[in-house]
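Worksheet for the structure shown next.
All heavy atoms count here, side chains included; hydrogens, waters and symmetry mates do not. Lettering of chains follows the sequences in order, A, B, ..., and the numbering in each one begins at 1. No experiment lies behind these values; they were computed from the predicted model shown.
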Number of protein chains: 2
Amino acid sequence: MQTLLKHIQLIHPISKEAEKALLEISKEVHFQKGMDVQLIGHTCKTIYFVKEGCVRIYYFKEDIDITESFEFENAFVARAESLLTGKPSLKAIQAIEDTSLIAIDSNKLFQLFDTYHDLERLFRKIIEASYVNTVNRIESLQFHTADERYLHLIKDHKDVLKRVPLKYIASYLGITPVSLSRIRAQK
Amino acid sequence: MQTLLKHIQLIHPISKEAEKALLEISKEVHFQKGMDVQLIGHTCKTIYFVKEGCVRIYYFKEDIDITESFEFENAFVARAESLLTGKPSLKAIQAIEDTSLIAIDSNKLFQLFDTYHDLERLFRKIIEASYVNTVNRIESLQFHTADERYLHLIKDHKDVLKRVPLKYIASYLGITPVSLSRIRAQK
DNA sequence: AGAACTACTTTACATATGATAAGAAATTAT
DNA sequence: ATAATTTCTTATCATATGTAAAGTAGTTCT
């Protein structure tokens, strides 16, 4: 749990009481490589923090498995469109490696916001950062070519190639595995 | 200003005091069609609410004008990546029609968050909704074809074709105007 | 170690989109 | 109203990516 508190400290320091309240609604959970952390059709009521390992969010578009995103150590993961709307998610979360997550009960968290103003501010900042990331990703998908996106990815996340199968990277980049192979062969 | 308060009411009701404080840091501004509301290189310190008209956020990628997004009445507009990071924005905001905006001073707003908890919650919810929108847009760019994206857009925003030039719609969809013309000709 | 399975690459062909240029339509300015 | 400008469409050709199929490499299972 210290990993989580240490990470939070960097974003927005919160009081000892808020830390204590946060830990009370959090628990550590473990998943083996390949296991689903949360299933398609499930309404997301948990915010995860990756302590060790990595996960991806994926869904099916006409029987084809598409990776929406992946996250490594010290990142938060949630299916925002379900968590924030209360609707069942069309997406699943899966462990790509043996993974340790800290699971935060989102309903209890939202209740804590009434008592701990600093906790709400912390999560506002976390959501803001996620929002900025997605805005940048849209720009990338909107007007960079697939090979620009590939180069950018491996520059930003050096170990992604070692830890994530190429088929997941391909759909994350918005292309087929065949197309990714071609791009890689050109280099 | 009543338009803004009415819209806010639908998202998260706030106290009379918070409303008053919000109005004190807001002012109405007007822009003629084609005018820039904010320029490239400027650090965004304003959150706009569209009272009347419509605007777009755009930038240049190698001399080509690219529309990142447009917003119509009753929507908030800001260049999030600048507003939330304090860095100068590479994007501009432009009025597509004669437009009336309500400009909210973001630094003053963030200060008000310390006093008015409900105001922070309101803006947390606004950001959450924007975040969900961008996540859905990524899905759309990632694995829908250009003509699926076009059909989806005109279904969701019926009047967009009447109010926004096709060249802006094209780059918003991630394609060239020529390609959009072809797609439209197929129908 | 060998078999079975999965992941990745390569090839060939089809299709969608980009680039360029020219023309038509619509808008704006005089 | 006419001219000038901008926007949109159409046509042609080039290129990138998709699809399908086959082969290679790597992993997992027994």
Notebook entry, point to check: Given atom CD1 of B/I183 and atom P of D/dT9, what is their separation to the nearest angstrom?
Noted result: 11 Å

Check: Should A/T176 be listed as having a side-chain N or O under 4.0 Å from OP1 or OP2 of D/dG18?
Finding: yes

Next item on the list: May I ask you to evaluate whether B/S181 reaches the phosphate of D/dT10, defined as a side-chain N or O under 4.0 Å from OP1 or OP2?
Entry: no

Next item on the list: Could you state the atom-to-atom distance from CG of A/L161 to P of D/dG26 in whole Å?
Entry: 16 Å

Check: Among side-chain atoms of B/E120 and A/H117, is any donor-acceptor pair under 3.5 angstrom?
Finding: yes

Next item on the list: Please determine, by modelled atom types, if B/Q38 and B/Y48 share a side-chain donor-acceptor pair under 3.5 angstrom.
Entry: yes

Notebook entry, point to check: Given atom CD of A/E148 and atom C1' of C/dG18, what is their separation to the nearest angstrom?
Noted result: 14 Å

Notebook entry, point to check: Looking only at side chains, do A/H12 and A/R124 share a donor and an acceptor under 3.5 Å apart?
Noted result: no

Next item on the list: Measure from the side-chain heavy atoms of A/V178 and tell me the nearest of D/dT17, D/dC8, C/dT10.
Entry: C/dT10

Check: C/dT27 C1' sits how many Å from B/I96 CD1, rounded?
Finding: 17 Å

Next item on the list: Could you state the atom-to-atom distance from CD1 of B/I175 to P of C/dT15 in whole Å?
Entry: 20 Å

Note to self: Which nucleotide wins on minimum distance to the side chain of B/R184, given the candidates D/dT9, C/dT9, D/dT10?
What the structure shows: D/dT9

Notebook entry, point to check: Which nucleotide sits closest to the side chain of A/S179: C/dT17, D/dT17, C/dC8?
Noted result: D/dT17

Notebook entry, point to check: Would you say C/dT9 has OP1 or OP2 under 4.0 Å from some side-chain N or O of A/R182?
Noted result: no

Item checked: Toward the 5' end of DNA chain D, by each residue's nearest nucleotide, A/L180 or B/V164 -> B/V164

Note to self: Taking any heavy-atom pair under 4.0 Å as a contact, classify B/G34: base, sugar-phosphate, or nothing.
What the structure shows: nothing

Check: Does a donor on one side chain and an acceptor on the other come within less than 3.5 Å for B/R149 and B/S140?
Finding: no

Check: Is the closest side-chain donor-acceptor distance between A/E81 and A/S89 under 3.5 Å?
Finding: yes

Checklist line | Nearest-Å distance for atom pair CD/P, residues B/Q186 and D/dT9 | finding: 13 Å

Next item on the list: Take atom OH of A/Y150 and atom C1' of D/dT17, then tell me their distance rounded to the nearest Å.
Entry: 17 Å

Next item on the list: State which of C/dT28, C/dT17, D/dT19 makes the closest approach to the side chain of B/K33.
Entry: C/dT28

Margin query: How many whole angstroms separate atom CG of A/L166 from atom C1' of C/dT6?
Written below: 13 Å

